[in-house]
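The structure appears below as structure tokens.
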Amino acid sequence: MATTTPIVPKHVAIVMDGNGRWATKRYLPRIAGHKQGVDALNRCVRACLERGIAVLTVFAFSSENWNRPSDEVSGLMDLLLLSLSREVSSLSGNGVRLHFVGDRLRFSEKVQRGLMQAERSTAANQRLVLNICFNYGGRWDIAQAAQKLASQGEAITELSLDRAMALAHVPDPDLLIRTGGELRISNFLLWQLAYSELYFSDKLWPEFDDSELDAAIAVFRTRERRFGQTSAQVAGPDNNPNSKVA
Ligand code: FPP
């Protein structure tokens, strides 16, 4: 079987699920699991840098997470600001460019300012793009892109929508990882995951480590990516119809 899959995926997307269960198992409040989740995210960013992955996109807060208990929601907002104040300079030193993806209008001014400053201060970095999806939903993204085009009087086509989506600055994910044992997409990157390879892990997100990332990459390497073509076609020249490039 012809294998055209590159050694390392260019863009990895992750649903970081399982923080709450990690905490509950230890008789800790759920927010303790989210704090461990930040540590796991830091480790994962380092591992992506070491492996030459160019884009990492993570689901940190979904449009539906507002429905959680208010102390968990405010705890996640505080954790976001605390993580920014602690991590941005070291992320920047490592060449990481931060993007926050999602609807910012519902955030406090303080949070909105924090996100903007983090993006500005890392804007020149080129080693790794880290997209943090916060108040994000795949359906929201498709709707906001369509609305943008409609308000500009532009025709809605696959290409114009693609360019109006919140992740237009990066190619589509090659590999989606979901931790926590659930087998669903949960309104993440509905448009962009059309041809991504999927990897589901039973590990809870705070337990995610380099070896689990390597296991996902190893499985990714075994996949033949056909993008709707036949095996014979992908074995030939011009074998990547997914040509959207950052
Ligand atoms: C899903 O686990 C995880 C979340 C809703 C939050 C993810 C957040 C982090 C990893 C850390 C925060 C990141 C930043 C940048 C502040 P869950 O709570 O649904 O876990 P469960 O399924 O075990 O209940």
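Just follow the structure's listing: the first ligand is 1, and inside any ligand the first atom is 1.
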Within reach of ligand 1, part of Leu204 (heavy-atom separation under 4.0 Å): neither
Polar proximity ligand 1 side, Asp17 side, N/O cut 3.5 Å exclusive: yes
Gap between atom CD1 of Ile156 and atom NZ of Lys148 - 0.5 Å precision: 12.0 Å
Parallel, tilted or perpendicular: ring planes of Trp205 versus Phe208, cut at 30 and 60 degrees: parallel
Phe227 vs Tyr195, ring pair (Phe, Tyr, Trp, His ring centres under 6.0 Å): CA-CA, chis, key distance, verdict: CA-CA 6 Å; Phe227 299 99; Tyr195 280 101; 5.6 Å; yes
Nearest-contact summary for atom 16 (C) of ligand 1 - protein heavy atom, Å: Leu80 CA, 3.6 Å
Minimum heavy-atom distance Ala146-Leu161, with the two atoms named: N-CD2, 3.7 Å
Ligand-side contact atoms (ligand 1) for residue partner Asn65, heavy atom cut-off under 4.0 Å: 5 (C)
Numbering as shown, the atoms of ligand 1 that approach Met16 to under 4.0 Å (heavy-atom distance): 1 (C), 2 (O), 3 (C), 9 (C), 10 (C)
His34: numbered ligand 1 atoms lying under 4.0 Å from its heavy atoms: 4 (C), 6 (C), 11 (C), 18 (O)
Residue part near ligand 1, for Arg30, under 4.0 Å between non-hydrogen atoms: side chain
Full working for side-chain hydrogen bond (donor to acceptor under 3.5 Å, both in side chains) between Ser186 and Arg178: CA-CA 10 Å; Ser186 298; Arg178 179 174 184 144; 2.8 Å; yes
Geometric N/O contact Gly20 with ligand 1, under 3.5 angstrom: yes
Member of Ser70, Pro69, Ser74 meeting the side chain to side chain contact (heavy atoms under 4.5 Å, CB included) criterion with Glu72: Pro69
Spacing of Asn65 atom CG and Phe59 atom CZ [to the nearest 0.5 Å]: 7.0 Å
Any Ala60 heavy atom less than 4.0 Å from ligand 1: yes
Enclosure of Arg163 CZ (heavy-atom neighbours >12, cutoff 6.0 Å): no
Residue-ligand contact Arg68/ligand 1, heavy atom below 4.0 Å: yes
Ligand 1 to Trp22 polar contact by distance, N or O atoms, under 3.5 Å: no
For atom 12 (C) of ligand 1, the option (of Val15, Val38, Ile132) bearing the nearest heavy atom: Val38
For ligand 1, the portion of Trp205 having any non-hydrogen atom under 4.0 Å away: side chain
Euclidean distance, Phe200 CZ relative to Asp17 CG, rounded to 0.5 Å: 11.0 Å
Protein heavy-atom partner closest to atom 9 (C) of ligand 1 - residue, atom, separation in Å: Asn19 ND2, 3.5 Å
